[in-house]
Amino acid sequence: DAKTTQPPSMDCAEGRAANLPCNHSTISGNEYVYWYRQIHSQGPQYIIHGLKNNETNEMASLIITEDRKSSTLILPHATLRDTAVYYCIAVAGGTSYGKLTFGQGTILTVHP
Amino acid sequence: DAGITQSPRHKVTETGTPVTLRCHQTENHRYMYWYRQDPGHGLRLIHYSYGVKDTDKGEVSDGYSVSRSKTEDFLLTLESATSSQTSVYFCAISDLRGGNTIYFGEGSWLTVV
């Protein structure tokens, strides 16, 4: 299984960029990295995903290292509403293709 | 929003009784998952399905069984509920081709008393 490792918590000032790291050293070459976030006990919300190249959408940017062993989610201008648990997911390969396993996530706190 | 619904959304049941949670999708996605989430913990995979009648265990499968007799429905059954199974249960669906997005349901709150 492709395990992910994230720091348990991070702080960020409102209006500043939040950079959330994730390690996924065993990710298979054709599997994607997904980022989700969860606010309170709501269902996780999709943020962004990528394979090799950096990606950007209206919510965030995703930077994936050239060796694909780690990635960084960037929220360019964090707001108080971005306070949430952020999950980095790597898809397992081989016989467990499609088996999604979440790590512990990073609790991001955005403060005024 | 993705066409995924969970039922029931809230349930209180007694220890030792069977409970079935249903996940229904209208997206015709191949993969379906059941997760549980306990206070202070992340999401933990219980079981997943990669096709009709094709299922596999996750990291916390003991005490749970699943069935998928048709593409749109994935059932999670607690044969004999215990208090340790009090949790929030999330269903998810995906196609995992070309990086398709993973969609989550809104959760089912189960309390075993």
Side-chain angles (χ1 to χ4, degrees), chain A residues 1-9 22 27-55 57 59 62 64 68 71 84-108, chain B residues 1-6 9-10 23 25 29-51 54-61 66 68 74 86-111:
Chain A
D1 295 350
K3 300 293 184 182
T4 61
T5 304
Q6 300 175 252
S9 63
C22 178
I27 191 171
S28 299
N30 63 344
E31 308 299 355
Y32 288 77
V33 177
Y34 295 88
W35 281 84
Y36 277 77
R37 73 181 182 185
Q38 188 174 27
I39 300 173
H40 299 299
S41 294
Q42 299 176 17
Q45 175 192 21
Y46 167 79
I47 301 173
I48 199 168
H49 70 275
L51 181 63
K52 298 180 182 178
N53 301 320
N54 299 338
E55 303 288 344
N57 63 19
M59 290 183 66
L62 175 60
I64 302 175
R68 301 189 74 242
S71 60
V85 181
Y86 287 77
Y87 294 100
C88 169
I89 308 168
V91 178
T95 58
S96 298
Y97 179 77
K99 180 179 177 179
L100 306 179
T101 302
F102 281 68
Q104 290 301 308
T106 297
I107 300 172
L108 175 68
Chain B
D1 291 340
I4 176 171
T5 55
Q6 294 184 227
R9 293 292 313 281
H10 299 271
C23 179
Q25 61 148 328
H29 281 353
R30 177 181 177 187
Y31 296 93
M32 299 186 75
Y33 311 83
W34 277 108
Y35 292 86
R36 64 176 288 175
Q37 185 172 39
D38 303 302
H41 290 79
L43 289 152
R44 293 184 291 173
L45 180 65
I46 305 172
H47 282 279
Y48 72 105
S49 170
Y50 48 97
D54 291 323
T55 65
D56 203 353
K57 296 179 179 180
E59 57 187 313
V60 289
S61 60
V66 291
R68 192 169 178 198
F74 192 33
T86 293
S87 188
V88 181
Y89 292 86
F90 290 100
C91 174
I93 63 173
S94 72
D95 218 1
L96 286 177
R97 291 177 299 178
N100 281 358
T101 301
I102 305 163
Y103 297 97
F104 283 85
E106 290 304 306
S108 294
W109 275 254
L110 177 66
T111 301

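Residue numbers start from 1 in every chain, and the chains themselves are labelled A, B, ... in the order their sequence lines are given, proteins ahead of strands. Please read all numbers here as calculations on a predicted model, not as lab measurements. These values consider heavy atoms only, across backbone and side chains, with no hydrogens, waters or symmetry-generated copies.
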Review point. Is the count of non-hydrogen atoms from other residues, nucleotides or ligands lying under 6.0 Å from His10(B) atom NE2 greater than 12?
Key: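 Count over threshold, so yes.
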**Study point:** Atom CG of Leu51(A) with >12 non-hydrogen neighbours under 6.0 angstrom
**Key:**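 For Leu51(A), atom CG is crowded (more than 12 foreign heavy atoms under 6.0 Å).
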Exercise for review: Tell me, out of Gly50(A), Pro44(A), Gly43(A), who's got the most heavy-atom pairs with chain B below 4.5 Å.
Suggested key: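 Among Gly50(A), Pro44(A), Gly43(A), the one with the most close pairs to chain B is Pro44(A).
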Check your understanding: What part of Gln38(A) lies closer than 4.5 angstrom to a heavy atom of chain B: side chain, backbone, both or neither?
Key ->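 It is the side chain, since no backbone atom gets that close.
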Check your understanding: Non-hydrogen atoms of chain A under 4.5 Å away: do they reach the side chain of Gln6(B), the backbone, both or neither?
Key ->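 Contact with chain A involves no heavy atom of Gln6(B) at all.
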Practice item. Can you measure from OH (Tyr32(A)) to OG (Ser94(B)) and round to the nearest 0.5 angstrom? Key: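 With rounding to 0.5 Å, OH (Tyr32(A)) is 12.5 Å from OG (Ser94(B)).
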